[in-house]
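Step one of this worksheet: look at the structure below.
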Amino acid sequence: MRLRKARLGCGLAAVLALCLPAAAAAPDLGPGLHRHVPCGPPAPYTFSAYVPAAYGRSTAPWPVLFLSDPGGNPPLDAWQAWADARGVLLVGLDDSHNGLKQEAVVRLQDAVLATAAQRLRLHAFLRFSAGPSGGAMFSAYLAQRQGDRWGGVLLLIHGGNGALPAPGIPAAFLVGERDQVYPFPAVQRDYFAFRQHGNPVRLESYPSLGHE
């Protein structure tokens, strides 16, 4: 009888061990806009995500665009129609903003990438980053840190401030020629640095625009 009870107790412990991780796991994010999804302890960070409706009818991994912003307000709304048309997930780094120290940027980027990969079916390397001004610098740095596991980076009104993705990773620059914050000649310098580094690059400039 004691042996039977012991076996029952071991069996119950095994069942609980199997069930508890599943119960504790956060559910996958479904189609729609999700604001301020927590990364969970110990990271005090959040991200926002937009999931196109077609994602719910698919079981395949999806490309993803990570958005950063100099003011901590990644512009998911501006990208939603594009994401629907292209079949791309959007993930905004809520805590990415100007003034952060490098170690803080590393922590929040790693936390968002890890949690997004748990909550969404992310493609292994069709991962892209974009943002304006300081958000472009964060996006270039994110691409640099991921090596050849990245798909490309779009830098808006900025040149990356020395961050260089791995050779072969495409990059594009959109810049106003009247920009006085990160001037056009500085973006041109960065463009040539990317090209020399072995990145396929494209530069689009707008004569009448400044830092906008």
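Below, all heavy atoms of this structure are taken into account, side chains as well, without hydrogens, waters or symmetry copies.
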Ignoring hydrogens and angles, tell me if any N or O in the side chain of Ser139 forms a donor-acceptor pair with the backbone of Ala130 under 3.5 Å.
-> yes
Ring pair (Phe, Tyr, Trp, His ring centres under 6.0 Å) partners of His211, counting only residues at least two apart = none
Ring pair (Phe, Tyr, Trp, His ring centres under 6.0 Å) against Phe66, all qualifying residues, sequence neighbours excluded = Trp150
Do [X] and [Y] sit in the same hydrophobic cluster, where Ile, Leu, Val, Met, Phe, Trp and Tyr count as joined when their side-chain heavy atoms come under 4.5 Å apart?
X      : Y      : value
Leu113 : Phe138 : yes
Val37  : Val91  : yes
Phe192 : Val187 : yes
Leu65  : Val153 : no
Tyr191 : Leu174 : no

Test of understanding: with side chain to side chain donor-acceptor pair (under 3.5 Å), list the residues that count as partners of [X], not counting sequence neighbours.
X      : value
Gln109 : Arg145
Gln102 : Tyr141
Tyr182 : Arg189, Asp190
Thr115 : none

Stepwise side chain to side chain contact (heavy atoms under 4.5 Å, CB included) test for Tyr55 and Leu120 = CA-CA 10 Å; Tyr55 177 85; Leu120 295 162; 4.0 Å; yes
Contact check, side chains of [X] and [Y], non-hydrogen atoms, under 4.5 Å:
X      : Y      : result
Leu142 : Phe128 : no
Asp179 : Phe184 : no
Leu89  : Leu29  : no
Ile157 : Val181 : no
Trp79  : Leu67  : yes
Gln80  : Leu33  : yes

Within a reach of under 6.0 Å around CD of Gln196, are more than 12 heavy atoms found that belong to other residues, nucleotides or ligands?
-> no
Neighbour count above 12 (heavy atom, 6.0 Å) for Gln180 CD | no
Residues 163-170, side-chain donor-acceptor partners within the protein, below 3.5 Å, at least two apart:
none

Residue pairs, two or more places apart or on separate chains, that pass side chain to side chain donor-acceptor pair (under 3.5 Å) and touch residues 60-75 = Ser58-Trp62
Do any pairs count as a side chain to side chain donor-acceptor pair (under 3.5 Å) and have a residue in residues 155-169, sequence neighbours left out, and if so which ones?
-> none
Any luck finding a side-chain donor-acceptor pair between Asp84 and Tyr50 under 3.5 Å?
-> yes
Contact summary for [X] and [Y], nearest pair of heavy atoms:
X     : Y      : answer
His97 : Leu100 : O-CG, 3.4 Å
Asp95 : Leu108 : O-CD2, 3.6 Å
Pro52 : Ala83  : CG-O, 3.8 Å
Gly92 : Leu76  : CA-CD1, 3.7 Å
Asp77 : Arg35  : OD1-NH2, 3.1 Å

Pro63: what forms a side-chain contact (heavy atoms from CB on, under 4.5 Å) with it, not counting sequence neighbours?
-> Val88, Leu126
CD (Gln146) and CG (Asp148) are apart, to the nearest 0.5 Å, by 10.5 Å
Euclidean distance, Cys39 SG relative to Gln118 CD, rounded to 0.5 Å = 9.0 Å
Can you give each donor-acceptor pair under 3.5 Å made by side-chain atoms of residues 40-49, sequence neighbours left out, with the distance rounded to 0.1 Å?
residue : atom : partner : partner atom : Å
Thr46   : OG1  : Asp94   : OD2          : 2.7
Ser48   : OG   : His36   : N            : 3.2
Ser48   : OG   : Asp94   : OD1          : 3.0
Ser48   : OG   : Asp94   : OD2          : 3.4

Without placing hydrogens or testing angles, list every side-chain donor-acceptor pair under 3.5 Å for residues 201-210, not counting sequence neighbours.
residue : atom : partner : partner atom : Å
Arg202  : NE   : Glu204  : OE2          : 3.0
Arg202  : NH2  : Glu204  : OE2          : 2.8
Ser205  : OG   : Glu177  : OE2          : 2.7

